[in-house]
Amino acid sequence: MAKAAKNAISPTRQENYPEWYQQVIKAADLAENSPVRGCMVIKPWGWAIWENMQRVLDRMFKETGHENAYFPLFIPLSFLQKEADHVEGFAKECAVVTHHRLEPGPDGLLRPAPSSLLEEPLIVRPTSETIIGSLYAQWVQSYRDLPILINQWANVVRWEMRTRLFLRTTEFLWQEGHTAHATAEEAQAETDKMLGVYATFAEEYMAMPVIRGEKTAGERFPGAVSTFAIEAMMQDRKALQAGTSHFLGQNFSKAQQIKFQDQNGTEQFAWTTSWGVSTRLVGGLIMTHSDDDGLILPPRLAPKHIVMLPIYRSAEERGPVLEYVNSLKRELEDQKYDGEPVRVIIDDRDLRGGEKNWHHVKRGVPLRAEVGPRDIADNAVFLSRRDTGEKQKMSRADLVQTIDTLLADIQTGLFERALKMREAHTQEINTLDDFRAYFTPQNAKDPEIHGGFALCHWHDDPAVDELLKELKVTIRCIPLDAPQEAGKCVITGKPSARRVLFAKAY
RNA sequence: CGGGAUGUAGCUCAGCCUGGCUAGAGCACCUGCUUUGGGAGCAGGGGGUCGUAGGUUCAAAUCCUAUCAUCCCGACCA
């Protein structure tokens, strides 16, 4: 008998966090690299998680008054050029379409036909402010046409240098909301509202605690007046920007000529916003909850809540066991969790019990119920929780009656665990020495998990940027709930009015 | 685009320095038997133009040249 590995995932988080992350994705069968550099294939289990995210977010957007629409993948090159900062931000990472036909070249191999050269190249959208803005310009004449509150689910392409599954891929899926308003106040309120939607989604559905804050000028979205974000701490104590909401002021409306006449007949530029979350959230979900045995899914987003594992030795036992699990499945599906039927799967594949069990452990199914002849005799199941590893024999009636509270308990438990983790690794730092020590690993060659979130006073200054670059630390945000508190910049000693959040980031 | 490395089975790799029989291992896969309540054992089997194109040689995975691709470190980033 081969000895069972202690953990399903190797290396462990402590041993090598980035590698662990890759292995969890592989073990849970979420996604894999594709033949195209930097692009990923999202496999059914990973896609099901994304679908659940989409479903919830889509509902939240609609509840806040937004409609879905769809805009083109291609954007005329000249559109990008209209907003100077925007060009600066995205020009370096655009895929460009220059031809529209292929033909065999002199060597017989297909090549873009020189005669099909486009007069104006098209870029594959890295984000859609410009194309959507150009259409809003046509749609808006009067203050009565405002606000426009539209969201689109789409793919975008950013030609990044280095990619990582879910966290940064060349092509990624996201939603982008684009709104236009008659007043700055209204647009600002929209920006705040959507940041709130994201924070709620992250905390209540993903069970991922986040800090809401405003980005500093250096981290701002290209072309935005102000950028707000939610920041989460991963288990390696690095920050992940999980969603952004931008107040674009009139920058894009001026560039795109989104004008309207107000009640007084005066011509005004509209005030616009944009906001988005991407498949990166799946990466955040993985890194927030998963352990050395693989993925752990919060029940509200889990494609399946409970897997039933029928156990039998012989053909004679098979029938009754399957009958039992099937009827139990129906009974569980009649129960509701989070307003929807409990999602149950029976795994009756012809595999040995242990292997099958591990399969679902690695995929993060919240509950596993083993059902064999012994359990049937007692009218019970042997239930395992993925989050705590807790196992117990439970009567069938109890399982049916308590599955919703059990799942709710797992959901809150995951959030609390993540919150505790974040709090344990968040501190106020007041001296440069402490700051440096906090963000410097003991082992420079093979950095161990270190640091965390640091709340420090800050004064915008080039000297700060230099040190941050050296330490590979960034200012994540100015937390919205940061109290006014006079102090001195932790790096330069210059005056500061409040603390900001520093961390290493993805 | 700078610095470093690697391309051999589905995956991870050995073999290369010092050229030589039918190119190997582990995992995965298929078949059979025995097993089965936390990753099974035994036996058998399938799968490779050794990244590509040239060159040297009686003989190339191995040496030489070119080329393509990928990975790691930097600059950039949801």
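So that the names make sense, note that chain A is the first sequence line, chain B the second, and so on, each numbered from 1. Note that the structure is predicted; figures quoted are calculated from it, not measured.
Rounded to whole Å, the distance from CE on A:M287 to P on B:A78 is 15 Å. To the nearest angstrom, C1' of B:U36 lies 15 Å from CZ of A:R349. The CG atom of A:N7 sits 17 Å away from the P atom of B:G38 (whole-angstrom rounding). Spacing between atom CG of A:D29 and atom P of B:G10 amounts to 19 Å, rounded to whole angstrom units. Here the P atom of nucleotide B:U12 and the NZ atom of A:K26 are 6 Å apart, to the nearest Å. Per the geometry, CG belonging to A:L351 stands 11 Å off C1' belonging to B:U36, to the nearest Å. Rounded to whole angstrom, the span from the CD atom of A:Q392 across to the C1' atom of B:G38 amounts to 17 Å. Look at CD on A:E32: it is 18 Å from P on B:A28, rounded to the nearest Å.
Comparing B:A61 with B:G19, their C1' atoms sit 10 Å apart, to the nearest whole Å. Comparing B:A14 with B:G51, their P atoms are spaced 13 Å from each other, to the whole Å. With both ends at atom C1', the span from B:A5 to B:G54 equals 25 Å, rounded to whole Å. Taking atom C1' in both B:U62 and B:G15, one finds a spacing of 9 Å when rounded to whole Å. To the nearest whole angstrom, the two C1' atoms, one in B:G55 and one in B:A75, are 40 Å apart. Comparing the P positions of B:C11 and B:G48 gives an interatomic distance of 14 Å, to the nearest angstrom. B:U52 and B:G7 have their P atoms separated by 13 Å, with the value rounded to a whole Å. For the P atom pair drawn from B:G41 and B:U36, the interatomic distance equals 14 Å after rounding to whole Å.
Using a 4.0 Å heavy-atom criterion, one finds that A:S278 contacts the bases of the nucleic acid, with or without backbone contacts as well. Using a 4.0 Å heavy-atom distance criterion, A:L167 is classed as a base contact. Counting non-hydrogen atoms under 4.0 angstrom, A:Y312 reaches nothing in the nucleic acid. In this structure, A:S314 reaches neither bases nor backbone, as no heavy-atom distance under 4.0 Å exists between it and the strands shown.
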Next item on the list: Any chance you could encode RNA chain B as dot-bracket? Rule is Watson-Crick or G-U wobble with both distances under 3.5 Å; [ ] for pairs crossing earlier ones, | for another strand.
Entry: (((((((..((((......[...)))).((((((.....)))))).....(((((..]....))))))))))))....
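A:Y17 pairs by the ring-ring contact (aromatic ring centres under 6.0 Å, His included) definition with A:W20, not counting sequence neighbours. Residues passing the side-chain hydrogen bond (donor to acceptor under 3.5 Å, both in side chains) test with A:K193: none are found, sequence neighbours excluded. For the ring-ring contact (aromatic ring centres under 6.0 Å, His included) test, residues two or more places apart in sequence or in another chain that qualify with A:Y205 are A:F201. In terms of the ring-ring contact (aromatic ring centres under 6.0 Å, His included) criterion, A:W159 has no residue partners (sequence neighbours excluded). Partners of A:Y312 by ring-ring contact (aromatic ring centres under 6.0 Å, His included), not counting sequence neighbours: none found. For the side-chain hydrogen bond (donor to acceptor under 3.5 Å, both in side chains) test, residues two or more places apart in sequence or in another chain that qualify with A:E355 are A:R352. Take A:N379 and apply the side chain to side chain contact (heavy atoms under 4.5 Å, CB included) test, not counting sequence neighbours, and it matches A:Y324, A:R396. Looking at residues two or more places apart in sequence or on another chain, you find a side-chain hydrogen bond (donor to acceptor under 3.5 Å, both in side chains) between A:R368 and A:N357. A search for side chain to side chain contact (heavy atoms under 4.5 Å, CB included) contacts involving A:V87 returns A:A91, not counting sequence neighbours.
Relative to the ring axis of A:F90, A:K92 does not place its NZ or CZ within 45° and under 6.0 Å from the centre. Both tests pass for A:K238 against the ring of A:Y506: distance under 6.0 Å to the centre and angle within 45° of the axis.
Salt bridge A:K62/A:D58: present, at least one basic N to carboxylate O contact under 4.0 Å.
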Kindly give the atom pairs (protein nitrogen or oxygen, nucleotide nitrogen or oxygen) under 3.5 Å for nucleotides 68-74 of chain B.
{"from": "B:C73", "atom 1": "OP1", "to": "A:R162", "atom 2": "NH2", "distance (Å)": "3.3"}
{"from": "B:C73", "atom 1": "OP2", "to": "A:R162", "atom 2": "NE", "distance (Å)": "3.2"}
{"from": "B:C73", "atom 1": "OP2", "to": "A:R162", "atom 2": "NH1", "distance (Å)": "2.6"}
{"from": "B:C73", "atom 1": "OP2", "to": "A:R162", "atom 2": "NH2", "distance (Å)": "2.2"}
{"from": "B:G74", "atom 1": "OP1", "to": "A:K472", "atom 2": "NZ", "distance (Å)": "2.7"}

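Between the side chain of A:K391 and the base of B:G38, at least one donor-acceptor pair of N or O atoms lies under 3.5 Å.
With B:G38, B:C11, B:A78 as the choices, the nucleotide that has an atom nearest any side-chain atom of A:N357 turns out to be B:G38. Listed nucleotides: B:A78, B:C11, B:C76. Nearest to the side chain of A:F172: B:A78. Which of B:A78, B:C76, B:G39 sits closest to the side chain of A:K362 comes down to B:G39. Distance from the side chain of A:R280 is smallest to B:A78 among B:C11, B:C76, B:A78.
Counted by atom type alone, A:S274 and A:E129 present one or more donor-acceptor pairs between their side chains at under 3.5 Å.
Toward the 5′ end of RNA chain B lies the nearest nucleotide of A:G354, the other residue of the pair A:G354 and A:K469 mapping further downstream. Each of A:E355 and A:W174 was assigned the nucleotide of RNA chain B with the nearest heavy atom; the assignment lying further toward the 5' end belongs to A:E355.
Contacts with RNA chain B (heavy atom under 4.0 Å) in residues 363-384 of chain A: A:R368, A:E370, A:G372, A:P373, A:R374, A:D375, A:F382, listed by number.
Two residues are said to be in side-chain contact when any heavy atoms from C-beta on lie closer than 4.5 Å; A:L285 and A:M208 fail this criterion.
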